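Notes follow the structure.
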Amino acid sequence: MLKEQLAKYLHRYHHGAENAVTSKILEHALSVTGKELRDLVNALRREGIPIASDQSGYFYAKTEKEVRMTIRHMRNRISGISAAISGLRRSLAAFDDTQIRLPLEGGDDF
């Protein structure tokens with residue numbers, strides 16, 4: 001399975017931040033798209049496999065610090081996305097309130 005292949009590949013050839021590999025190289029090596037690669041990484045992380053990343057690319061974490069840095073980066077992304085959602089919600093005031101609005105998928109949009 002691709003997921004296990006990715007984990008083994010990163011552990012063997014890209015162990016530690018100093019050995020990070022770009023998404024493009026991994027996409028080519030595994031014959032997957034960028035989205036497919038991100039989905040594989042996400043699945044591995046959900047299983048507790050320490051796939052880390054930084055500005056240089058993906059790597060199999062060698063230290064606790066590398067995992068914590070990845071978590072910090074992901075939390076910053078969440079904060080940025082949350083701020084963008086808040087801004088978009090504020091922008092709704094500019095639209096005509098006389099129309100009936102249906103909640104968006106996901107439930108808590110209003």
Side-chain angles (χ1 to χ4, degrees):
M1 185 178 232
L2 275 178
K3 192 171 56 170
E4 288 78 17
Q5 184 181 352
L6 174 60
K8 287 178 184 177
Y9 179 82
L10 289 172
H11 190 267
R12 182 170 183 179
Y13 298 107
H14 303 285
H15 199 221
E18 66 277 7
N19 296 306
V21 61
T22 66
S23 176
K24 290 294 180 199
I25 291 173
L26 286 174
E27 290 165 29
H28 180 72
L30 297 171
S31 298
V32 296
T33 66
K35 174 159 182 359
E36 290 169 330
L37 178 62
R38 289 187 301 276
D39 289 346
L40 290 169
V41 169
N42 189 349
L44 288 168
R45 288 172 170 171
R46 287 172 179 246
E47 291 176 11
I49 307 301
I51 306 302
S53 58
D54 63 16
Q55 67 280 359
S56 299
Y58 292 106
F59 54 95
Y60 200 101
K62 190 177 354 181
T63 67
E64 178 182 333
K65 181 180 178 183
E66 291 173 342
V67 173
R68 291 188 181 282
M69 287 174 47
T70 300
I71 292 168
R72 185 172 31 255
H73 173 73
M74 293 173 82
R75 285 193 175 156
N76 289 339
R77 288 178 51 212
I78 290 169
S79 296
I81 292 168
S82 181
I85 290 169
S86 294
L88 286 170
R89 284 187 174 148
R90 286 192 311 277
S91 79
L92 291 172
F95 294 92
D96 185 3
D97 283 335
T98 62
Q99 294 181 5
I100 297 175
R101 288 197 188 135
L102 297 175
L104 299 174
E105 287 184 42
D108 67 335
D109 295 308
F110 296 99

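Small disclaimer: the values here were computed from a predicted structure and weren't measured.
A salt bridge is absent between Glu4 and Lys8; no separation between the charged side-chain nitrogens and carboxylate oxygens falls under 4.0 Å.
Put simply, the side chain of Leu2 does not reach to within 4.5 Å of the side chain of Leu6, judged on heavy atoms. Side chains of His28 and Lys24 form no contact here, defined as non-hydrogen atoms less than 4.5 Å apart. Here the side chains of Tyr13 and Val21 are not in contact, with every heavy-atom distance at 4.5 Å or above. Counting heavy atoms from C-beta on, the side chains of Tyr9 and Leu30 never come closer than 4.5 Å.
Applying the 6.0 Å contact sphere to CD of Glu64 captures no more than 12 heavy atoms from other residues, nucleotides or ligands.
Between atom NZ of residue Lys35 and atom CD of residue Glu27 there is a gap of 12.5 Å, rounded to the nearest 0.5 Å. Residue Arg45 holds its CZ atom at 6.0 Å from OG1 of Thr70, rounded to the nearest 0.5 Å. How far CG of Leu88 is from CZ of Arg90: 9.0 Å, rounded to the nearest 0.5 Å. Between Asn19 atom CG and Lys62 atom NZ the span is 6.5 Å, to the nearest 0.5 Å. To the nearest 0.5 Å, atoms CD1 (Ile25) and CG (Leu37) are separated by 11.5 Å. Between the CD1 atom in Ile51 and the CG atom in Leu40 there is a gap of 10.5 Å [rounded to 0.5 Å].
Panel note: side chain Thr22, backbone Gly57; no donor-acceptor pair is recorded below 3.5 Å.
Taking the six-membered ring for Trp and the full ring otherwise, Phe59 and His14 have centroids separated by 6.0 Å or more.
Ring pair His15/Tyr60 is tilted by interplanar angle, where 30° to 60° counts as tilted.
Tyr58 and Val67 sit in two unconnected hydrophobic clusters of ILVMFWY residues. Membership requires side-chain heavy atoms under 4.5 Å apart, directly or through other members.
Looking only at atom types and distance, the side chain of Arg38 has no donor-acceptor partner in the side chain of Asn42 under 3.5 Å away.
For the pair Glu66 and Ala52, the tightest heavy-atom approach, listed with the atom from each and the gap, is O-CB, 4.0 Å.
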